[in-house]
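Following: one structure in structure tokens, then a few remarks.
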Amino acid sequence: MLARGCLFALAMLMLPQTAVALPPAASALLPSGWSFLNDPSPLLSSQERGRASVGRTDFSARPVMQADEDVVPSATGLWLPLGEMTPVAAFQNGRRLLIVAAGRHVIDTAGLTNVAPFEGVSARIMADVTAVSILCPEGSSPLIRPVGHGWTVSFGRQSTPSPDVMLLGQDEGALTFTPPREDGALFVVTFRDPDSGRRLLLGLSRSGSVSGDLIRRGAGFEVRPSLMGLVIAADADAIELRQNGKQFFLDRVGPSDTPLLAGGKVAAYGASDAGVALAGSPPEGLRESVRRAQIAAAMASAGQRFDARIRLAQAAARLANGALVSQVLQVALEDQPEGSTRKDVRRLRQISAVLNGRANPSLLSEEEGATPEDQFWRGMVRAQFPITGEGPDVDVQRTRTASLIATGLPSVSGYSEPLRHRLLPVAAEWVARYGTAKDRGVLLSLPSVPETVLARALAAVETHALDARGQLETLAHDPSPMVWPVASEAALRFDFEKNASPAKAIGERVDGLMPAFRMVGREREARLLSIDAFIKGKEWRTAQQDVQDGQAVYGKAGFPGHDRLLVIARGFAEQKDIEAKSALAEVELLKAAMTIEPNDPTLQAYRLKALERRYAVLGLPEAQRTVLRGLLQKQQGPEHQDTMVKLVRLDLDAKDLSAALYDLPAENPADVSVLPGGQPEALEVSLLRAEVAREQHDLPKAEHYLIGRTETQALKMRAQLMEQAKDWVGAVSALKPVIDAAWTGHKEASALSSDLEALVLELAGDASRAHDDTTLSALKRQYGSLMERSASAGVFKLLVGESSAKPPAGG
């Protein structure tokens, strides 16, 4: 691909402030996100240069380095063109990084001359491998990883432990090293250390490193740390390294009585090599062991005192005496702080944190060790941190913690009885609640002992077992104060999810048991369950009060979650049947709730709606108007208009014309509605404008707002305005369409409705004053027989002319 072969300087010569955009063909030569420091065109072949010329980026804007400037170019890293899926072994000898790759790869390092920090780079092909040597800068740590069709090398200021470590095990007499991922063929090669000349057995892979915890020294061999792959220094020719496609085997050639490890076998699968023995004798023997260890620590000489104290801490750990473990470690590390780096001390610190229920952030970075037991203790340390918040990220963290615990859960069965009794119930419950199906399978594979009965019942709920509810009901009557509250909460949650009981009753039951839930550390979850139950039962006031109480205990961050608050606020806003006796208490509760998530417009809008409705029930129009003005600022579209109409009507009811004029929107130009595509103003707004004008005693202006409107409400109001102006003819003209529309749906009725009767009398009165005999005759003919059966029959006859008395015109 490249003009100079697989040019090593292609790689990762990146400076963000000066890097240039590449032509498509050139940028495809590097992994995504990496770019050349300079124009790569001279490195491309003529054919590639022709393809890259299409859409070429202008490089003239880039500062050009003069040839005579005494400046050394620099790079952030290198990309080694070693081919796709090529396994490697990478390790350090002092400052020199050695990378041995399977296969023969031509690498030209001439392009790296004077490119810091990669001046000291060399490559060499030997038989069927390629070795690359890189001199590392002072104070930096290399990082190597596969990218595309090669490997990248970069430097950091401090070493970061790789999460991908080889898993150590034992297969009969052989040590096994298993890469964490199966992403390529493994390869074994014999190599000579260029510095010492020592024979190295290299296991080449694309994942998995060897940390300090996996270092092993035996007769004739040593497992060395690596950045990638496996590095075995073997002085004895009888030591061999082989692979079967999934893992490496370190073994002796042929049968031998000499053990591979001077210390005997590797600890059983699941056990850590931290050096802390947690198995023990019966409790009486454990107590005697602690007593003897205390005496030994008190009598130890200065040089042996630290080790004696650590042995005392181990004895206390087997007895599950967390307070004593913590005290002994504190005293020991105060006298010898450097002892904190020992693996057994780190494990004892983890045990102390778990037994004492202390969330120790400094232990979260303790990622040493990859055995199941190591993972178990990391998971138990993580479990000490309080669970706050909700959402996918929190669920992922819970699942990760449960998986770590489940991985080493079988190890607990070999611990001393007091320690097992303390750890197993908590660990098993974590796995049952938050673990995957695979994790729960580990739990169910354990022997059924009293410590796991509760966790098994919880797991039965997760797996939808038929007898799950029965198991919980049995345990809900268990005499242990650490069992029955947990089972009761799970049973109530089961009933809630299955709709087996009224939601309100479940919420009240949970609230009543809150002290017991608090004792077993389930208060937060129980509070959330009660809130969900009251929400489902539409008990908005109780749900909101529980939210505020929970936030007072746990803080606003993460309790109980935005979604619950939104549902409660919407329920308050949409509630129809509001009792006056509860409205006042709900007003105070809603006013306090306004301080919760005040920057959420949707949430605040719901709360303002709820407040306004309760002020209406309490008959407090001034408070209603204040709330509605605040609500207007958070609304748009039809909702905004409905709120404005309600507000202006309250202004008019209060005879506050200045407020009504302020709250009404500015008028549109008079000709907007007659333009092509123009829209007339909404009916409610026109009626409000007319009503305001009438209150201002400007009847012509009020009538102007209703011109052209044919809606019943507009015609009624127009008739009222004309009656007020004593324009009886106009009033008759406005009322006729109204009464005709009302009569259309009641022609077969045997009696007039009260509204229609009132309209008939009003039209008859206006027609009588207008001396409109035609309208009077029509009214008499159409409604006479029906009006005779009404209480207003006499007045109707008087108005339509069946009496000698007739109102004078304009009377």
Side-chain angles (χ1 to χ4, degrees), residues 211-218 222 259 261-268 270-369 371 373-374 376-378 380-381 384 408 411-412 414-423:
S211 62
D213 284 343
L214 292 183
I215 293 177
R216 294 290 187 277
R217 294 179 178 86
E222 176 188 19
L261 288 176
K265 291 186 176 181
V266 178
S272 170
D273 64 343
V276 179
L278 298 177
S281 54
E284 296 76 12
L286 293 174
R287 284 190 286 269
E288 178 62 21
S289 178
V290 169
R291 188 187 69 82
R292 290 196 303 267
Q294 286 176 324
I295 296 173
M299 302 296 293
S301 63
Q304 299 176 343
R305 190 170 298 142
F306 183 81
D307 288 334
R309 286 170 173 168
I310 296 305
R311 286 193 293 271
L312 171 59
Q314 291 186 40
R318 290 192 292 271
L319 196 57
N321 189 335
L324 182 56
V325 175
S326 177
Q327 293 169 5
V328 173
L329 286 177
Q330 181 179 356
V331 173
L333 293 176
E334 284 177 355
D335 286 350
Q336 191 171 328
E338 62 274 16
S340 61
T341 60
R342 283 176 35 170
K343 288 185 289 185
D344 55 348
V345 174
R346 290 197 297 267
R347 175 54 45 79
L348 288 170
R349 291 180 62 207
Q350 291 178 324
I351 294 172
S352 175
V354 172
L355 291 180
N356 294 303
R358 295 174 182 169
N360 190 341
S362 66
L363 296 176
L364 287 181
S365 60
E366 302 286 350
E367 296 296 333
E368 300 88 350
T371 67
E373 188 182 17
D374 295 324
F376 170 80
W377 283 106
R378 284 205 297 274
M380 292 299 290
V381 169
Q384 304 312 307
S411 304
V412 182
Y415 288 174
S416 64
E417 183 179 343
L419 188 58
R420 186 173 65 248
H421 287 178
R422 284 287 304 275
L423 295 177

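- Side-chain contact check for V276 versus I310: every heavy-atom pair is 4.5 Å or farther apart.
- In this structure, K343 NZ and L348 CG are separated by 13.5 Å, a value rounded to the nearest 0.5 Å.
- By the 4.5 Å heavy-atom criterion applied to side chains, W377 and L363 are not counted as neighbours.
- Across all their heavy atoms, A296 and A308 have their closest contact at O-CB, 4.2 Å.
- Between the side chains of Q350 and R347, at least one donor N or O sits under 3.5 Å from an acceptor N or O.
- Considering all non-hydrogen atoms of both residues, M380 and Q384 come closest at O-NE2, 2.9 Å.
- Comment: D307 engages R342 in a salt bridge, judged by a side-chain N to carboxylate O separation of less than 4.0 angstrom.
- What you find for S340 and R346 is that their closest heavy atoms are O-CG, 3.4 Å.
- Residues L324 and V290 form a side-chain contact, since some pair of their non-hydrogen atoms from C-beta on lies under 4.5 Å apart.
- Of the inter-residue distances, the one linking L333 atom CG with E338 atom CD reads 9.5 Å to the nearest 0.5 angstrom.
- With values rounded to the nearest 0.5 angstrom, R422 atom CZ is found 14.5 Å from Y415 atom OH.
- No donor-acceptor pair closer than 3.5 Å links the side chain of R309 to the backbone N or O of L329.
- A distance of 6.0 Å separates CG in L423 from CG in L355, rounded to the nearest 0.5 Å.
- Here the closest heavy-atom approach between residue I351 and residue A317 is recorded as CG2-CB, 3.9 Å.
- Interatomic distance, E288 CD to R291 CZ, rounded to the nearest 0.5 Å: 4.0 Å.
- Annotation for R305 and A300: closest pair NH2-O, 3.5 Å, computed over non-hydrogen atoms.
- The nearest pair of heavy atoms linking G322 to N356 is O-ND2, 3.0 Å.
- With contacts defined as side-chain heavy-atom distances shorter than 4.5 Å, the pair R420/V412 qualifies.
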